[in-house]
Amino acid sequence: MTHRIVKFLHSPLAIAAFLAAGIVVGLYAPDVAKLLAPLSKLYIDLLKMVILPLIVSSIIFSLRSIIRDPHAATYLGKAVATMLAVSAIAVVVGLVLSLTLRPGEIKDAQTRAAFGQVVSKDSVGTELEMNLRASASAAAETSLFETIVSVVPSNIFQALASGDTIKVLVFALLFGFAIGRVPVSVSDSLAHSLDTVYRACIILTRWFSLLLPFATFAMLAEQTATVGPKTLLLMIDFLITFGLAAVVLGAISIMAVSFRTRRSPWAVLRAHQDVLFMAIATRSSVACIPAMIDTLTARFGFRRDVVELLVPLQTAIMRAGPVVLFVVGPLFIAQLYGKTLTISDLVTVAALAVVLGVATAGMTGITVVMQMGVVCGYLSLPFEAAFVLFASIDAVTDTFRTLTLVITISGAIAAIAPFDPESEIVPVEDVLPADSVAPRAAE
Amino acid sequence: MSAVAQERRPDLAGILERKELRVALPRFDAPPFFRAVNGEFEGFDIDIARQIGRELNVKVTFDRSATTFNQVVDIIAAGKADVAISKLSRTLARAQRVIYTRPYISLKHALALNRVRFAEVARGRDAQVVLRDFNGSLGVIAQSSFVDFARRNFPNAKVVEYQDWDSALDAVRFGQVTAVYRDEIEIRRLLLDDPSASLTLRTVTFNDLTDTIGMVVPPSSPHFAAFLDMFITERLGVATAESVLARYQRLLH
């Protein structure tokens, strides 16, 4: 009986019903939707609880075995290459869609007035209070370079305690390489311990994914209620442009996986169901790491040790979602204020978008949007007013960004990871079994 | 202007003898301080003038012949009116010709920035840093105290003088100047009257630049000036922008 309920909840029909229900409740019963907010927060916390033990155990463990693989260096090289390729594609898609659809061009005076009304509600963006003759101790803004350099943790336990995923990632990578040098007989017991931790985390993730339909419902309801239909309609052109970019990138990624695994695109999409809905429910690509690893290994049969290394790595460096934002956003602002951008401006946008995408690794939500100010500064575009507009719809934009991130990461890894000929593939119609986790590839 | 020799006693004694207080103000409206609606005067400054009239038990008449703030000062300097209570900023230049009372309103200086033009001047730098050494174009009302304030506080800016406030506002809305400079009530009114303008305009208020507003009497009226000083201390206090705006929200619309 429970098995049939679980199987039903896993079907596309049920998922679509929960999605629709979430949006409907958010639109027509916003108070109920806001009551559900603690539930979605609980779900995100459950998933995040698992991430750090999983990343540490999986990376260290997988590096230990990958080092013995003669192709190890090529995986990393290909990872960086796919990151550059995907970023370039994301930039091109963003530019083409923004320049053809022109979301920021508002001809209607009433719409411009409505934009102004939204902006005026935020006093920080509108009214600045300052002293003309203050002492010259202006707040030192951390430069881009400093942000990138600060990813190395000085204290790993502090990084673990504060949940700084990128710092933990850097530690796990370096530590994993070092453990690879320790003789196998000595490091074996650690390897078994890490394996236990890892399998336990995967089992936890599979249990949690049973709750996915409810979590998605709660998250969508809350987001729809918070953003409100009026603001959504106002920024609809921007959202359509961004959404189309996400769809294009998603389609390319699905085709890549489909081509590599010789499965139909529909089967590929279905196999990614858990990951995609987790992206909607959590709006955090890092929270989806365990599910991404599980999908690529259990559903497609890629080699576990390579996937365990590449998924966290690509999550950190391949930032297609933010890259699209840093292209579509500034172009929207330029169109809004009627400024035409030259070819050199567009090149600047493209370069900055890729760099900022990497720099925002580990950042979520509105802090990512704030980085758009850097691009606007280089283009001499005003940012504060538009920021209020973007902040009002960030729930939706963040969802699109996270979806783009997880699907492109999956596609990129499918392009480079080797298969494990001995792995048992779980069909897409079945739920991943929560009582057994497949063994790793032979060491 | 012919100097009419009148048999008038100067100063407070003259006002009490004639039983009339002649109040000078400019011809244009400046809500919430003073404006004429259907021939009736109303506003923050108008209320104060009437309150003084009641205190002295005299009739209050309004002289609107001046077309600019500076011309109001001219009229008082020539003794053609007894007092001017019309949002007059206290400047040293004017104080050489007339007597100022102590301040009865204290307003901060403020700017309204055209967002696009300012972004071009700022080039990604922090707004506060840019404003401390502002070298864009700055619109002010001609023959107002803010011409002096602009030259003193923003020495590197290009100061552009406009005949009236509406011309200055149009200029900043359409990007002909980067910013306009006036007191915080006028600047904040811009966005209160038209919230949708927030897309194009942004306001900046300076906590350390104040525009003190005082009443003005002829140099021959030191007694009246002293009386008004005491009146301000006892009856009015120093109003701030918030209290003026709060009391006269309805007057703005």
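Side chains are part of it too, since the values below use all heavy atoms of this structure and drop only hydrogens, waters and symmetry mates. Since the structure is predicted, the reported quantities are computational estimates derived from the model, not experimental observations.
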request  = Compare every heavy atom of Arg115(B) with every heavy atom of Pro382(A), then report the nearest pair and how far apart it is.
outcome  =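 Closest approach of Pro382(A) to Arg115(B): CB-O, 3.5 Å.
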request  = Identify the heavy atoms of Tyr337(A) and Val116(B) that sit nearest to each other, and give their distance.
outcome  =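 Closest approach of Tyr337(A) to Val116(B): CD2-CG2, 3.2 Å.
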With a 6.0 Å cut-off (strictly less than), is the heavy-atom count around [atom1] of [X], excluding the residue itself, greater than 12?
| X | atom1 | result |
| --- | --- | --- |
| Lys230(A) | NZ | no |
| Gln163(B) | CD | no |
| Arg102(A) | CZ | yes |
| Tyr378(A) | OH | no |

message = Set out, in order, the CA-CA distance, both residues' side-chain angles and the distance that settles side-chain contact (heavy atoms from CB on, under 4.5 Å) for Arg202(B) and Leu128(A), then state yes or no.
response = CA-CA 8 Å; Arg202(B) 184 183 181 192; Leu128(A) 172 64; 4.1 Å; yes
task = Check whether any side-chain heavy atom of Glu127(A) lies under 4.5 Å from a side-chain heavy atom of Thr205(B), and answer yes or no.
result =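 Contact flag for Glu127(A)/Thr205(B) side chains = no.
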Portion of Leu132(A) that has a non-hydrogen atom of chain B nearer than 4.5 angstrom =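 Both the backbone and the side chain of Leu132(A) come within 4.5 Å of chain B.
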Atom group of Leu336(A) that falls short of 4.5 Å from chain B, counting heavy atoms = side chain
Please report the interatomic distance [atom1]([X]) to [atom2]([Y]), rounded to the nearest 0.5 Å.
| X | Y | atom1 | atom2 | result |
| --- | --- | --- | --- | --- |
| Ser198(B) | Glu384(A) | OG | CD | 12.5 Å |
| Arg133(A) | Asn207(B) | CZ | CG | 13.0 Å |
| Met130(A) | Arg132(B) | CE | CZ | 4.5 Å |

note = Looking only at Asn153(B), Asp194(B), Ile187(B), the option with the highest number of non-hydrogen pairs under 4.5 Å against chain A is Asn153(B)
inquiry  = As an exercise: rank Ala110(B), Ala119(B), Ala112(B) by heavy-atom pairs under 4.5 Å with chain A and give me the winner.
reply    =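 Going by pairs under 4.5 Å, I would pick Ala119(B).
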query = For Leu131(B), is it the side chain, the backbone, both, or neither that has a heavy atom closer than 4.5 Å to a heavy atom of chain A?
reply = both
inquiry  = What part of Phe134(B) gets within 4.5 angstrom of chain A, counting heavy atoms only: side chain, backbone, both, or neither?
reply    = neither
key: Audit row: Gln128(B), Asn131(A), side-chain contact (heavy atoms from CB on, under 4.5 Å) steps and yes/no   = CA-CA 8 Å; Gln128(B) 296 196 27; Asn131(A) 288 339; over 6 Å; no
